[in-house]
Trainee: 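Structure incoming, see below.
Each chain gets a letter, A, B and so on, in the order the sequences are listed, and its residues count up from 1. Because the structure is a prediction, the values reported are computed rather than measured.
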Amino acid sequence: MEEGLYERIYEVIRQIPRGRVATYGQIAALVGPPCGGRTVGYALAALGRRLDGPPVPWQRVINAQGRVSTGPDQQRLLEAEGVVFDESGRTDLKRFGWPGPESAWAAAHGIGAPSPAEPSEAESPQLRLF
DNA sequence: CTGATGACGAGCG
DNA sequence: CCGCTCGCCATCA
């Protein structure tokens, strides 16, 4: 079954849990070439034209600068999920960044694993909001 | 089929 | 810290 490139991008984005955010580059890296950073943005822009299909948490995808791309509306949606932004409109990817999909899921979809070994949960953003 | 368009990333000054 | 340039995929009219 040859799914469209955009579909694969959506599938990866659907793995992002609530309260976490992923960057365009991160999604592109998981999908793999020829998907570049731009393509992910294009795919999300195309979402506006897709009136049907499974939901895609597009608001959880932000740029590498830790800033939202679509405007204050997106930031508000994320804040409602527990993501914190500073006065500059930036969020700490160290705390709210998505570690990546689960190994099992990644393997089942032929996605490159985020890291060879599971990273130790040193911090739990949602429980360590201070 | 051709042309226009769209929500980024990294590098450099 | 900010702004500019280049790279380049799929979808729509």
Side-chain angles (χ1 to χ4, degrees):
Chain A
M1 291 165 58
E2 279 297 88
E3 296 178 341
L5 179 60
Y6 283 10
E7 263 319 304
R8 285 174 55 195
I9 293 173
Y10 300 147
E11 220 166 347
V12 172
I13 295 176
R14 281 188 211 110
Q15 309 310 310
I16 307 174
R18 186 173 177 284
R20 288 290 174 99
V21 293
T23 66
Y24 289 87
Q26 189 177 358
I27 302 300
L30 288 170
V31 174
C35 182
R38 273 179 151 184
T39 310
V40 176
Y42 296 155
L44 288 178
L47 264 182
R49 297 179 311 246
R50 293 211 167 197
L51 302 179
D52 55 322
V56 177
W58 59 268
Q59 73 269 26
R60 293 174 194 155
V61 183
I62 63 178
N63 57 41
Q65 310 163 63
R67 287 179 171 170
V68 297
S69 306
T70 63
D73 176 60
Q74 183 183 6
Q75 182 177 320
R76 209 166 69 62
L77 283 171
L78 290 174
E79 289 178 326
E81 296 188 348
V83 180
V84 180
F85 290 83
D86 60 23
E87 309 78 9
S88 314
R90 288 165 65 173
T91 187
D92 187 356
L93 294 175
K94 289 285 188 181
R95 295 169 60 195
F96 304 103
W98 179 46
E102 294 179 18
S103 303
W105 186 93
H109 287 260
I111 300 294
S115 54
E118 278 299 306
S120 51
E121 296 297 325
E123 301 175 66
S124 295
Q126 303 184 79
L127 300 177
R128 289 262 187 184
L129 294 181
F130 200 78

Trainee: Around A:Arg76, counting heavy atoms of other residues, nucleotides and ligands shown, do more than 12 lie under 6.0 Å from its CZ?
Mentor: no
Trainee: In plain terms, say whether A:Glu81 and A:Arg60 are close enough for a salt bridge, that is, a side-chain N and a carboxylate O under 4.0 Å apart.
Mentor: yes
Trainee: Rounded to the nearest angstrom, tell me the gap between atom OH in A:Tyr6 and atom C1' in B:dG6.
Mentor: 8 Å
Trainee: Check the distance between C:dT11's C1' and A:Leu47's CG and give it to me in whole angstrom.
Mentor: 13 Å
Trainee: What is the separation between atom CG on A:Asp73 and atom P on B:dA7, rounded to the nearest whole Å?
Mentor: 14 Å
Trainee: Please name the residue in the list A:Val68, A:Val12, A:Ile16, A:Val21 that meets the side-chain contact (heavy atoms from CB on, under 4.5 Å) test with A:Val61.
Mentor: A:Ile16
Trainee: Using a heavy-atom cut-off of 4.0 Å across all strands, would you classify A:Arg60 as base, sugar-phosphate, or nothing?
Mentor: nothing
Trainee: With no hydrogens and no angle check, is any side-chain donor or acceptor of A:Arg14 less than 3.5 Å from a backbone partner on A:Pro55?
Mentor: yes
Trainee: Would a 4.5 Å heavy-atom cut-off, applied to side chains only, mark A:Trp98 and A:Ile27 as touching?
Mentor: yes
Trainee: In a check of side-chain contact (heavy atoms from CB on, under 4.5 Å) between A:Thr91 and each of A:Asp86, A:Val84, A:Ile62, which one passes?
Mentor: A:Ile62
Trainee: Along nucleotides 8-13 of chain B, 5' to 3', which nucleotides get a B, which get an S, and which get a -, given that the test is a protein heavy-atom distance under 4.0 Å?
Mentor: BS----
Trainee: Roughly, in whole Å, what's the span from CG in A:Leu44 to P in C:dC9?
Mentor: 17 Å
Trainee: Tell me which nucleotide among C:dC1, B:dG6, C:dC9 gets nearest to the side chain of A:Arg90.
Mentor: C:dC1
Trainee: Please report, rounded to the nearest Å, how far the P atom of B:dT5 is from the CZ atom of A:Arg49.
Mentor: 13 Å
Trainee: With centres under 5.5 Å and planes under 30° as the test, does A:Tyr42 stack with C:dC9?
Mentor: yes
